[in-house]
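Okay, so here's the structure we're looking at.
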Amino acid sequence: MKKVLEFKQKKNNKSKIICLTAYSKNVAAIIDKHCDLILVGDSLGSVLYNFESTKKVTLDMMIEHSKSVRMGVKKSIMVVDMPYNSYRNPKEALKNAKKIISKTKCEAVKLEGGKKVIKVIQTLIKNNIPVMGHLGLLPQSAKNYKFKGKKTTERKIILRDSILLEEAGVFSIVLECIESSLARKITQTINIPTIGIGASAYCDGQVLVTDDLIGLNKIKARFVKRYSNIEKQINDAVLKFKKDVVKSKFPTKKHSY
Ligand code: KIV
């Protein structure tokens, strides 16, 4: 709870909040030093399992990946996505959120939606389970992957939902693929941190899928910036290993018993 409160207070800090995803221990351990929040996102469905949508991600998958991530996260707050169909009503949500927290020792859960899931969110928070909200493009229910907030009615709904989520007690909200001026309006209106992904620099912080930013996942989305080409580095290392083995240069005596 202490980490969650500290995170919430970052709203008023001058420095931006840094968030990234992780699906395993080794990546989590590297990024932990630089992050405020590490999310075990259900994006792992498409990134690791080639699922067409996140709908096929199960609670067990989220728990197993999160158990691995937990071993790498020391400093950041660790948040786990509640997968599709794991929070259809308050009772189901509470049972599954409790399971996620007890098995993974994460600090909070994240779930998608506004007014429709407000009772679920209220129930979790009443039971001392910290919740992160997620508005805008909602991959678990999206019919297309277009950005949100072009139409006035849509803008009003998203702004209203952000206020409802804050009133329900979420400690932060992810804004995914939201038009810039709407992201600014939400960020100025609510008193909890907004974390953007494709939602402009007006948000209090940013999140990206780590595999996208390091060049391991070949996604072509406007909101992704690639900071590294890990695929090339792995390829080069494997080629060197192969060459050494073929030429009997590896293993040497140094690597043998
Ligand atoms: O599943 C995920 O990785 C996410 C982020 C894109 C915010 O929800």
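Numbers here simply count residues along the sequence, with the first being 1. Note that ligands are numbered from 1 as they come in the structure, with each ligand's atoms numbered from 1 the same way.
Using a 4.5 Å cut-off on side-chain heavy atoms (C-beta onward), L182 and S180 make no contact. Using a 4.5 Å heavy-atom cutoff, the side chains of I38 and V69 are in contact.
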Hey, can you pull the donor-acceptor pairs under 3.5 Å for the side chains in residues 118-129, sequence neighbours left out?
residue: T123; atom: OG1; partner: K119; partner atom: O; Å: 2.8
residue: N127; atom: ND2; partner: T123; partner atom: O; Å: 2.8

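Applying the 4.0 Å criterion to heavy atoms of D81 picks out, from ligand 1, the atoms 1 (O), 2 (C), 8 (O). Close approach of ligand 1 to H134 (heavy-atom distance below 4.0 Å) involves ligand atoms 8 (O). Close approach of ligand 1 to I197 (heavy-atom distance below 4.0 Å) involves ligand atoms 6 (C). The contact set between ligand 1 and D42, taken as ligand atoms under 4.0 Å from a residue heavy atom, comprises 1 (O). Atoms of ligand 1 found under 4.0 Å from any heavy atom of T21, numbered from 1 in the order shown, are 3 (O). In summary, the atoms of ligand 1 found under 4.0 Å from a heavy atom of G41, numbered by their order in the structure, are 1 (O), 2 (C), 3 (O).
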Task: Worked verdict on Y49 versus H65 for ring-ring contact (aromatic ring centres under 6.0 Å, His included) - done: CA-CA 12 Å; Y49 295 93; H65 280 280; 5.8 Å; yes
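Checked against a 3.5 angstrom limit, the closest N/O atoms of E176 and ligand 1 fall outside it. Ligand 1 has an N or O atom lying under 3.5 Å from an N or O atom of S43, backbone or side chain.
Atom 4 (C) of ligand 1 has as its closest protein heavy atom L39 CD2, 3.5 Å. For atom 8 (O) of ligand 1, the nearest non-hydrogen atom of the protein is K110 NZ, 2.9 Å.
Using a 4.0 Å heavy-atom cutoff, E112 is absent from the residues neighbouring ligand 1.
Applying the salt bridge (charged side-chain N to carboxylate O under 4.0 Å, His left out) test to pairs two or more places apart or on separate chains, none has a residue in residues 23-34.
Each of K2, K8, R70 was compared with E107 under the salt bridge (Lys or Arg N to Asp or Glu O under 4.0 Å) criterion, and only R70 meets it. For the salt bridge (Lys or Arg N to Asp or Glu O under 4.0 Å) test with E179, the passing option among R184, K185, K146, R155 is R155; the others fail.
Y87 and Q140 share a side-chain donor-acceptor pair at under 3.5 Å.
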